[in-house]
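In what follows, a structure is listed as structure tokens, so that the remarks can point back to it.
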Amino acid sequence: MNSPQIAKTLHDARLKAKPVTQFTNENPSFSLEEAYRVQKGLLELALAEGDTLTGYKMGLTSKAKQRDVQVFDTIHGFLLKSSEISREGRVTTQNRIHPRVEPEIAVVFKEDFKGAITRENVLKALEGVYPAYEIVDSRYENFKFKLADVIADNTSASGYQIGKTNYLARLKDVPLLGVVVRMNGVIQETGAPAAVLGDPMLSVLSLLEHLQKEGTTLKRGMIILTGGITNSLPFKSGDEISVEWPGETLFLNAV
Ligand code: OOG
Ligand code: MG
């Protein structure tokens with residue numbers, strides 16, 4: 001299969017919620033360059049169907065996540081408007097394969113990002129730093145993949161919710177904010193954003209560097225998800241999940 005064929009296969013797997021076999025099985029030399037080309041193809045397919053690009057995501061930026069999926073490099077992908085989860089957190093499991101949820105820190109830009117990629121410049125362009133969660137749902141059987149597979153699959157992106165509590169004024173404290181993830185009232189995961197490269201802002205800088213290399217600019221209003229802080233938590237229809245952050249609890253009700 002060439003890149004457009006792989007993109008079409010993964011696009012259909014997502015829409016039909018039917019898993020496919022990881023491509024590196026058949027083709028061990030599937031390269032990272034080709035994987036990112038496939039990912040670009042996925043974005044084009046989504047845009048052609050009327051979806052909108054809302055931002056980008058970093059993945060595998062914490063040791064917990066890397067161990068979770070046994071892939072030990074950071075990756076990046078894109079976010080779509082259709083993947084936004086509303087405040088009430090209603091999430092359908094019918095159109096997903098084997099979804100999991102993970103707590104993350106998100107940032108939102110108030111202007112197009114231009115200039116040198118420094119912490120100072122990023123701060124000037126930021127509208128806010130928010131509590132969030134991401135839903136990941138690998139399109140591969142048994143949630144099993146190698147590095148190139150997961151890149152091609154848009155880093156398992158499946159949904160996200162961004163909270164309302166803006167931590168920008170206390171940015172220095174963000175690495176040590178705590179997060180508690182409960183499922184049906186029982187604590188399953190706890191963590192701190194420092195799990196993400198020591199500071200999620202470093203994940204933002206890294207994403208901007210990738211975009212610059214690819215000749216893409218981050219536009220006003222766009223979001224960056226900085227990467228899962230804890231192991232991701234699998235859920236099924238009927239599960240009620242809460243992601244508790246200082247000042248705000250986010251909810252996910254699986255139906
Ligand atoms: C890969 C996606 C990684 C994160 O935050 O680390 C990711 C996966 O877990 O399937 O979104
Ligand atoms: Mg994630």
Side-chain angles (χ1 to χ4, degrees), residues 10-20 42 46 49 51-52 54-55 57-62 64-65 67-70 77-106 130-145 150 153-165 177-191 193 195-196 223 225-255:
L10 284 166
H11 183 73
D12 290 347
R14 177 169 73 87
L15 295 184
K16 294 181 188 143
K18 281 233 159 69
V20 297
L42 282 179
E49 290 179 359
D51 217 329
T52 309
T54 51
K57 58 170 282 192
M58 285 293 287
L60 308 183
T61 47
S62 69
K65 282 291 306 180
R67 279 191 215 110
D68 203 3
V69 297
Q70 289 293 302
F78 60 84
L79 301 173
L80 293 171
K81 180 86 186 157
S82 62
S83 300
E84 254 176 28
I85 311 289
S86 63
R87 294 296 296 163
E88 9 12 306
R90 192 173 179 278
V91 170
T92 48
T93 50
Q94 267 84 31
N95 58 9
R96 292 183 165 87
I97 300 164
H98 31 212
R100 303 176 175 183
V101 59
E102 56 200 22
E104 304 204 13
I105 288 289
Y130 295 99
Y133 65 70
E134 184 183 23
I135 296 170
V136 287
D137 186 29
S138 176
R139 268 55 69 165
Y140 299 112
E141 285 155 356
N142 306 316
F143 224 106
K144 281 207 67 186
F145 44 74
V150 66
D153 184 26
N154 191 25
T155 67
S156 312
S158 177
Y160 61 91
Q161 186 180 118
I162 313 288
K164 283 190 175 353
T165 307
L177 295 178
V179 62
V180 180
V181 183
R182 289 181 178 82
M183 178 180 273
N184 306 320
V186 181
I187 293 178
Q188 300 290 344
E189 297 290 342
T190 58
V196 171
I223 299 161
L225 284 178
T226 57
I229 292 165
T230 66
N231 285 336
S232 57
L233 183 65
F235 62 88
K236 55 185 187 326
S237 170
D239 286 333
E240 294 185 354
I241 292 148
S242 66
V243 182
E244 184 184 355
W245 290 93
E248 185 170 10
T249 301
L250 308 181
F251 295 98
L252 188 166
N253 295 306
V255 293

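Just so it is clear, the values below take in all heavy atoms, side chains as well, and ignore hydrogens, waters and symmetry mates.
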Roughly how far, to the nearest 0.5 Å, is [atom2] of [Y] from [atom1] of [X]?
X    : Y    : atom1 : atom2 : result
F145 : T155 : CZ    : OG1   : 9.5 Å
L250 : Q161 : CG    : CD    : 5.0 Å
I97  : S158 : CD1   : OG    : 8.5 Å
Y133 : I85  : OH    : CD1   : 5.5 Å
I105 : M58  : CD1   : CE    : 15.0 Å
N253 : F235 : CG    : CZ    : 10.5 Å

Next item on the list: May I ask you to say whether E244 pairs ionically with R182, meaning some side-chain N is under 4.0 Å from a carboxylate O?
Entry: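 Yes, charged N to carboxylate O under 4.0 Å.
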Item checked: Cationic N near anionic O, under 4.0 Å, K81 to E84 ->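 A salt bridge links K81 with E84.
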Do the side chain of [X] and the main chain of [Y] share a donor and acceptor less than 3.5 angstrom apart?
X    : Y    : result
T249 : S242 : no
T92  : Q94  : no
R139 : D153 : yes
E248 : K164 : yes
T93  : V255 : yes
E104 : E134 : no
T61  : T226 : yes

Applying side chain to side chain contact (heavy atoms under 4.5 Å, CB included), name anything that partners [X], two or more places apart in sequence or on another chain.
X    : result
H11  : R14, L15, L42, L45, E49
D12  : K8, K16
D68  : K65, R100, N231, S232
V186 : Q188

Notebook entry, point to check: With sequence neighbours left out, what residues match E88 under side chain to side chain donor-acceptor pair (under 3.5 Å)?
Noted result: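 S86.
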Margin query: Could you tell me if the side chain of L252 sits less than 4.5 Å from the side chain of I135, heavy atoms only?
Written below: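 Touching, per the 4.5 Å side-chain cut-off.
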Next item on the list: Output every pair passing salt bridge (charged side-chain N to carboxylate O under 4.0 Å, His left out) with a member in residues 225-236, not counting sequence neighbours, ordered by first then second residue.
Entry: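 Qualifying pairs, neighbours excluded: K236-D239.
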Mind listing the closest non-hydrogen atom pair of [X] and [Y] along with its distance?
X    : Y    : answer
I229 : W245 : CD1-CH2, 3.5 Å
P103 : T230 : CD-OG1, 3.2 Å
A132 : A106 : CB-CB, 3.9 Å
P246 : G178 : CD-O, 3.3 Å

Next item on the list: Kindly indicate, with the supporting measurements, whether the criterion side-chain contact (heavy atoms from CB on, under 4.5 Å) is fulfilled by Y160 and L80.
Entry: CA-CA 9 Å; Y160 61 91; L80 293 171; over 6 Å; no
Next item on the list: Give the intermediate values and the outcome of side-chain contact (heavy atoms from CB on, under 4.5 Å) for residues V150 and S138.
Entry: CA-CA 8 Å; V150 66; S138 176; over 6 Å; no
